[in-house]
Amino acid sequence: MPPTWTLLKLDPPRCRFKENKQANIVAMPIRLSQLFFRSLREDPVEAEVDSHKLLVRSSYIRRAAPGIYSWLPLGLMVKSKIEQIVREEMHNAGAQEVHFPALLPKEPYEESGRWEEYGDNIFRLQDRKKADYLLAPTHEEVFTLLVKDLYGSYKDLPLQLYQIQTKYRDEARPRAGLLRGREFIMKDAYSFDIDDEGLEASYQSQRDAYERIFQRLGLEYEICAADAGAMGGSKSEEFLAPSAIGEDTFVRSSGGFAANVEAVRFEVAEKVDSSNVPVAEVHHSPETPTIKTLVDFSNSNLSRHPDGEFTAADTLKNVVLKLVQADGKSRLVIVGIPGDRDVDQKRAEAWFGCDVEQATEEDFKNHPELVKGYIGPAKDGKQFLGLDTESKLEYLLDPRVAEGSHWITGANAREKHVYNLVFGRDFDADGIADIANILPGDPSPDGSGELELARGIEIGHVFQLGRKYADALGLKVLDENGKLVTVTMGSYGIGVTRIMAVLAEENHDDKGLIWPESVAPADIQVVPTGKDEEVYTVAERLTAELEQAGKTVLIDDRAKVSPGVKFADAELIGIPKILIIGKGLANGEVEIWDRVANNRQTVNVESAFYQLLS
RNA sequence: CCGGUAGUGGCGCAGCUUGGUAGCGCGCUUCGUUCGGGACGAAGAGGACGUGAGUUCGAAUCUCGCCUACCGGACCA
């Protein structure tokens, strides 16, 4: 009986390539014997995260300089596939592609103020005439000027443009391979509208496109409310890929709330009844400059009413912060937060919109009235902190501090604390400051359950820029009444190379990468093993047939390479489906290895072929 | 920017304490054997020991300076 595979009546190997008549190019299977590829058996010493290790070990990328990578053929294939998906969905959203120089003169960035703002994070250089240039870290200015150049009427809008381009930022500390590089590829889109309704519609179309893109890429993502802060925008959302190695912290609730911690705003707690709270009382509390020592002291020297132990949550911690403006000017504020919490610096900076530092010894020297460790809002029955007091120091409260609630807090004298100090009765504040860290189990601000904290990698960001750049660069159009109006803009970014790293990070095992089908360098890897010529003949035929049927194939046609090496390399490369042709062929059998499910099944040649087509 | 660690063939490392012919594994080349889990034997190619100065008859090794990289942190619309 002849082997089953002959029943397939495969075409002879003349069809090893297929012609793409439209593009007039010839597609061929990727031959590992020809591919510029060398797998590394050991992890590169500089790589810390798995995606970085595996992408280097399997010849997708090579480090060229800190945070700068060269792209090898396999890497380019994956990158192009990601870009293609992004292009298609940008097209569906109605955006048109443009391409800008990476090397730009400084003038537009001077006009927008970012030549200064960016500081050391920008790569700067000079031409032979000593004129200043930069490697674009992002292209808002150039987009804005391009539209200003050509368009001048409301009839030209709305408009959406995008680019997929290399960007440069001189990060102080590049890390984690492609996740935070100094050269990286971003898709940036911008929308231009005449009014807020238009902007809202443009924003929504990009947001929808992002959801389609990440779904097609097989990427898990969480859409988080983000802090629009420094960009001066009104609405902003981040797409975060949940990951243990993520640099962003976000919260989510079972009821669907999700936000970057910087963007969470809590409601001010409702007033509570304080009529049963005894009068405030100052106690001598030796050696209690910290919350912990204060709680311990209280528990061993005082009894709590009705009963139970004092906890850190009963204390009010008054933190002295230094707000540093961009121009270098600074001022002190004092924020009262429940003692079981700390100041979250990122939340603080988002709240105040400037740099926030801890007050220094120097600052305390300049304010001798502040007794470190014993600071409180009131002293001797009078308000002590606040703009209208003698100290003239602004005093803000955490929103959890309810009117009527009572606290243990500093009495503004060495080793003295005051008990039962009631907000609204015994002290006041200038306002609120929602800058305390969020704890797991905190109620969601929208009432949708308890908050859970998680880490994520920012893979996309959409926001409504508004008129910041249009104002700065004078992008105006005539409206239907013939009046000049400033255009309102939206900005929508996706980190292409970062997505590749995230995909590698989320799709691998200890042996190698396992790409989602949508971005794998090929659909199928064909692995002939052994030295039997028949094996190679059949492998070539199947490859040709699969290619002709529209699949892309990587064939490991390296002669004299042992099966162990071929298997190991196949695992490393990460094409999700592997077809092994080897000793079973004598019985007309081959193996299909599903890397995702990580199982192998032996099937006859014919059904293998059809199974791989599906 | 702060802190830590390290620079020796393409990659991973030893050698440095106690100065004296530069070594190992992987990879690469050739020949032969092997061929379903990173095979084996034999023979090869490949090194400014980061850099500058110093000590010494002699420096990868000792001394001082510098540079660079990696890791942690700060920072990162």
Side-chain angles (χ1 to χ4, degrees), chain A residues 37-49 52-53 56-59 62-68 109 112-114 117-122 137-141 167-177 179-182 184 186 188 226-233 236 238 247-248 260 262 324 326 345-346 349-350 353-358 457-458 461-466 468-469 491 493 495 498 511-512 527-533 535-536 556 558-572 578 580-586 589-591 593 600 602:
Chain A
F37 163 87
R38 169 120 307 132
S39 59
L40 305 182
R41 197 181 288 218
E42 289 167 283
D43 286 332
V45 69
E46 77 269 14
E48 190 66 16
V49 299
H52 188 195
K53 288 177 185 169
V56 171
R57 277 186 60 198
S58 49
S59 283
R62 297 288 294 174
R63 197 190 77 101
I68 301 178
Y109 290 80
S112 67
R114 294 207 296 185
E117 257 175 50
Y118 255 102
D120 284 341
N121 281 331
I122 213 168
T138 170
H139 283 87
E140 278 86 355
E141 288 82 352
K167 313 250 169 175
Y168 297 86
R169 279 180 216 178
D170 192 2
E171 295 279 352
R173 172 91 167 80
R175 67 183 74 203
L179 276 177
R180 176 168 294 284
R182 297 196 296 169
F184 53 96
M186 297 254 313
D188 264 352
D227 177 51
M231 289 304 286
S236 171
E238 286 173 345
E247 294 182 318
D248 287 282
N260 193 304
E262 297 166 43
V324 185
Q345 199 190 343
K346 293 202 162 172
E349 293 185 344
C354 64
D355 281 358
V356 175
E357 296 170 7
Q358 296 227 315
I457 299 167
E458 184 183 346
H461 199 161
V462 291
F463 61 97
Q464 301 186 357
L465 266 182
K468 170 172 175 175
Y469 289 93
S491 160
R498 180 178 279 187
K511 296 285 175 46
V527 181
T529 64
K531 57 175 181 178
D532 183 3
E533 268 186 41
V535 163
Y536 286 84
D556 191 347
R558 294 175 297 179
K560 296 197 172 182
V561 171
S562 74
V565 172
K566 288 191 173 185
F567 293 152
D569 281 349
E571 285 171 309
L572 206 47
I578 301 167
I580 306 170
I581 304 165
K583 61 187 183 188
L585 188 67
E589 285 171 338
V590 294
E591 251 177 290
W593 183 3
R600 298 197 213 185
T602 305

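Order of the sequence lines sets the chain letters (A, B, ...), proteins ahead of strands, with each chain counted from 1.
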Provide the distance between the two C1' atoms, one in B/G38 and one in B/C11, to the nearest whole Å.
15 Å

Partner of B/A59 by Watson-Crick or G-U wobble geometry, both contacts under 3.5 Å, or none?
none

What integer number of Å spans the P atoms of B/G41 and B/G27?
12 Å

Atom-pair distance (CG on A/D43; C1' on B/C71), nearest Å:
15 Å

B/G38 OP1/OP2 closer than 4.0 Å to side-chain N/O of A/S562:
no

Side-chain atoms of A/E140 come closest, of B/G27, B/A77, B/C70, to B/A77

Would you mind classifying the nucleic acid contact of A/S39 as base, sugar-phosphate or nothing, using non-hydrogen atoms under 4.0 angstrom?
base

Quick check for you: among B/A39, B/G36, B/C76, whose closest atom lies nearest to any side-chain atom of A/I580?
B/G36

What's the gap between B/U17 and B/A59 when it is taken at their C1' atoms, as a whole Å value?
15 Å

To the nearest angstrom, the CZ-P distance between A/F37 and B/G38 comes to 17 Å

For nucleotides B/G20 and B/U61, find the distance between their P atoms and express it as a whole number of Å.
10 Å

Between C1' of B/A77 and OH of A/Y109, the distance in whole Å:
13 Å

Measure from the side chain of A/T138, starting at C-beta and using heavy atoms only, and say which of B/G27, B/G38, B/A77 lies closest.
B/A77

Could you check which of B/G27, B/G36, B/A69 has an atom nearest any side-chain atom of A/K583?
B/G36

Within this structure, what is the CG-to-P distance between A/D532 and B/C35, rounded to whole angstrom?
12 Å

Could you check whether A/E140 pairs with A/K468 (Lys NZ or Arg NE/NH1/NH2 to Asp/Glu carboxylate O, under 4.0 Å)?
no

The answer to which of A/A65 and A/T529 contacts RNA chain B further toward the 5' end, by nearest nucleotide, is A/T529

Measuring from the side chain of A/E48 (C-beta onward, heavy atoms only), which nucleotide among B/G72, B/A77, B/C70 has the closest atom?
B/G72

So do A/F567 and A/I578 actually touch side chain to side chain, heavy atoms under 4.5 Å?
no

Pick the P atom in B/G52 and in B/C67, then give their distance to the nearest Å.
15 Å

Grab the CD-P distance between A/E262 and B/C75 for me, whole Å please.
10 Å

Donor-acceptor pair (no angle test) under 3.5 Å: A/R57 side chain, B/G38 base:
yes

Options B/G38, B/A77, B/G36, nucleotide nearest the side-chain atoms of A/E591
B/G36

Between A/D188 and A/G493, which heavy-atom pair has the shortest distance, and what is it?
OD1-CA, 3.3 Å

Is the backbone of A/P137 close enough, under 3.5 Å, to the side chain of A/R169 for a donor and an acceptor to pair up by distance?
yes

Could a donor-acceptor pair under 3.5 angstrom be found where the side chain of A/D569 meets the base of B/G38?
yes

For nucleotides B/U5 and B/G23, find the distance between their P atoms and express it as a whole number of Å.
31 Å

Output the single nucleotide from B/C71, B/G36, B/G12 whose closest atom is nearest the side chain of A/V45.
B/G12

Does A/R57 reach the main-chain N or O of A/L40 with its side chain, forming a donor-acceptor pair under 3.5 Å?
yes

Hunt down the Watson-Crick or G-U wobble partner of B/A39, both distances under 3.5 Å, from any strand shown, or write none.
B/U33

Looking at A/R182 and A/P174, would you say the former's side chain and the latter's main chain have a donor-acceptor pair under 3.5 Å?
no

How far, in whole Å, is B/G58 from B/A53 if one measures between their P atoms?
15 Å

Taking only the side-chain heavy atoms of A/A172 (C-beta and beyond), determine which of B/G72, B/C75, B/G38 contains the nearest atom.
B/C75

Earlier contact from the 5' end, RNA chain B, for A/G177 and A/E171
A/G177

Please determine, for the side chain of A/P66, which listed nucleotide (B/G38, B/C28, B/C70) has the closest atom?
B/C70

Quick check: does any side chain N or O of A/K566 sit under 3.5 Å from a backbone N or O of A/R558, one acting as donor and the other as acceptor?
yes

G-U wobble or Watson-Crick pairing nucleotide for B/A14 (cut-off 3.5 Å, both distances)
none

Side-chain heavy atoms of A/F37 within contact of A/D569, under 4.5 Å:
yes

For B/C76, does the base pair up with any side-chain atom of A/R173 as donor and acceptor (N or O, under 3.5 Å, distance only)?
no

With a 3.5 Å limit on both atom pairs, tell me what B/C28 is paired to, counting Watson-Crick and G-U wobble, or say none.
B/G44

Same-atom distance (P) from B/U30 to B/G73, integer angstrom:
47 Å

Starting at atom CZ of A/R180, determine the distance to atom P of B/C76, rounded to an integer number of angstrom.
10 Å

Between B/U34 atom P and A/K560 atom NZ, what is the distance in whole Å?
10 Å

Nearest-Å distance, CZ (A/R558) to C1' (B/A39)?
15 Å

Write down the partner of B/U68 under the Watson-Crick or G-U wobble criteria, each distance required to be under 3.5 Å.
B/A6

Given B/A39, B/C75, B/G36, the nucleotide with the shortest approach to the side chain of A/R175
B/C75

Within less than 4.0 Å of OP1 or OP2 of B/G27, is there a side-chain N or O belonging to A/R41?
yes

A/L179 and A/R498: which non-hydrogen atoms are nearest, and at how many Å?
O-NE, 3.0 Å

Considering every strand and a 4.0 Å limit on heavy-atom distances, what is the contact class for A/E571: base, sugar-phosphate, or nothing?
base

Mate of B/C1 where both pairing distances stay under 3.5 Å, Watson-Crick or G-U
B/G73

